[in-house]
Amino acid sequence: MAVQKDDELEIYRHSAAHVMAHAVSELFPGVKLGIGPPIEDGFYYDFDLDHSLTTEDLEKIEEKMREIVKRDEPFIREEIPKDEAIKLFTSLNQPFKVELIKEIEDDKLTIYREGNFVDLCRGPHLSSTGKIKAFKLLSVAGAYWRGDEKNAMLQRIYGTSFKTQNELDEYLKKLEEAAKRDHRKLGKELDLFSFHEVAGAGLVFYHPKGAVLRFILEDFIKMEHAKRGYQFVITPHILKGDLWKISGHYDFYRENMYFFEIDEKEYAVKPMNCLGHILIYQTKPRSYRELPIRFFELGTVYRYERSGVLHGLLRVRGFTQDDAHIFCSIEQLEDEIIGVLDFAFYTLKTFGFKEYEIKLSTRPEKYAGTPEIWEEATKALKQAMEHHGVAYEVDPGEGVFYGPKIDIKLKDAIGRFWQATTIQVDFNNPERFDMVYWGQDNLQHQPVMIHRAIFGSLERFTGALIEHYAGALPVWLSPVQVVVIPIANRHFDYAQKVAQRLSQEKIRFEVDERSESIGKKVRDAQIQKVPYMLVVGDKEVEKRVVALRERKEGDKGQISLDNFIKKIKKEIEEKF
RNA sequence: GCCGGCGUAGCUCAGCUGGUAGAGCAAGUGAUUUGUAAUCACUAGGUCGGGGGUUCGAAUCCCUUCGCCGGCUCCA
């Protein structure tokens, strides 16, 4: 049996999951039990039940759980032989448990009883149900038995539990707070982007303010690529089907692509940019002297994603990648990966991301190339990460069909991780496209190809950014950096003078000339999360200054316009 | 794609068991000229996501479709 580290809270929650299953069994006799482990912030349990569970059912189940807790039934551990366990759970009509037991290698296994409820479980558990103090059932969702979509769909109840009611309340409040950071909600409130049912799911429309943010990201990433020796290219959005056959996408990626016909020829909308870059590489003989060749493109791609997986900006059907393909010699591979990692870490830091996950994904079931080639590429990726001394986890079998990859994942408001940066080694396409370069030895060699994106997708990165800052973007990223607020009509002239100056300094501003109270104008600017407000009234006109209000700190008093401009320009410069 | 839930004015939401829609904010108009998170009044605005059905009558019930939400699966 595998050794597992059971932290106290995990045991606690695991016991809560048992109590929940117990409650469901009492309320719905005949329910078939799946599995019910503790998870990061709570626990779940899967049930096979004819009746569809509703929110009201959750309340009833909670009620029943409280009853079981009150009964304070001891958790009793029992060791029984495998065949006896099979008999027991067969008699209890628990086929999923029987299936699990049959796969356990040990001849002895453990069950836990509490009252008249029995569950297959290796434990450990609390001493009795009465030890569970605070819990809440959160949601019910579908989940395939054993995570396989060919299997039955069970109903999963998610819940959480804490040792005190206080901690539980705090957690629930945290969830509420997280919902406020949701980029989908903020995107609407801040007038950044929209989706349209009439246009199609997963297709983003950037509004003027969203477009400002988008352009800032584009400018930044273009500049950085230029600095790092990338050459810019532009390639078409549609390419003939035949080309995708050469690359293998036709076999391995077909279900994610959009095909259509022109002049009786099959075409596909590009789901990736690599082929265009390969064609450019192929336009002339290449020398080792040119390597590494780094082609960069802000490439817009379209992929068919199953309807249930779309998620605001974080998972869409049309998106733009800051995509580049590096063609280099095998000897240059590791250095190139080191360079890309450096680029990625610099970028994430600049945008304020401190928390991320680094994953190394290895060979999947469907793959192109040979195991040896995969091995070699994986080694290069590992060594590059070791060079940077970063901690990473291995995701076995999660690689793309053409090669292993490193992914950097960013956390969203409620703690889900989304892949941003990706670095993928590809030995497959150089082979399929017969790519070569002339070496110093006057012989032809095959280059290695690296697919990589730093933001990943501009859309996803924008979504992550909004959630990271809860909409309160730093000054350099704010679509509107300053709102000028004249107090009365007689201050409009002065406000316009201030505005003119801001405009000259290329600061993004608005002047609020509405016939509203100053309180209202301030409130609206705060809600729009504008970093700076400049209030101008009689006093400011007279002294030729502005009254500064900072988004987070409130009224900062008077300051000369020159000094304010100096301050804000410095912040913009420093990407603050 | 699968399981469950949801879809009412630009936004946030109300509308009990079927009797043909309502609030606040936003918008427009007018008044007000304001000192740091909501000035007041008036006006306009919806074939209740689309289509079909049940019914004398549907926002309310049923079917279907699109979209959204939470999971699951998938994920370059």
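Numbers restart at 1 for each chain; the letters A, B, ... are given by sequence-line order, proteins then strands. Any value given below was found using the heavy atoms of this structure, including those in side chains, with hydrogens, waters and symmetry copies removed. What you see is a predicted model, and the numbers here were worked out from it, not measured in a lab.
Among the protein residues, A:Arg549 comes within range of the nucleic acid bases, having at least one heavy atom under 4.0 Å from a base atom. A:Arg551 comes within 4.0 angstrom of no nucleic acid atom, judged by non-hydrogen atoms across all strands. Here A:Gly537 lies in heavy-atom contact (under 4.0 Å) with a base.
The pairing partner recorded for B:C2 is B:G71, the criterion being a Watson-Crick or G-U wobble arrangement whose two distances lie under 3.5 angstrom.
Applying the 3.5 Å distance criterion, the base of B:U36 shares no donor-acceptor pair with the side chain of A:Arg523.
Between A:Ser139 and B:G70 there is no side-chain N or O to OP1 or OP2 distance below 4.0 Å. The shortest distance between the side-chain N/O atoms of A:Lys409 and the OP1/OP2 oxygens of B:C75 is not below 4.0 Å. Checking the phosphate oxygens (OP1, OP2) of B:U34, a side-chain nitrogen or oxygen of A:Arg490 falls inside 4.0 Å. Within the 4.0 Å cut-off from OP1 or OP2 of B:U34, not a single side-chain nitrogen or oxygen of A:Ser517 is found.
Remark: the separation of the P atoms in B:U20 and B:U60 is 14 Å, to the nearest Å.
Annotation for A:Leu192 and A:Pro479: closest pair CD2-CG, 4.1 Å, computed over non-hydrogen atoms.
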- Reading nucleotides 3-14 of chain B from the 5' end, what letters show protein touch, with B for base, S for backbone sugar-phosphate only, - for no heavy atom under 4.0 Å? BS--B---SS--
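Between the NZ atom of A:Lys521 and the P atom of B:A37 there is a distance of 14 Å, given to the nearest Å.
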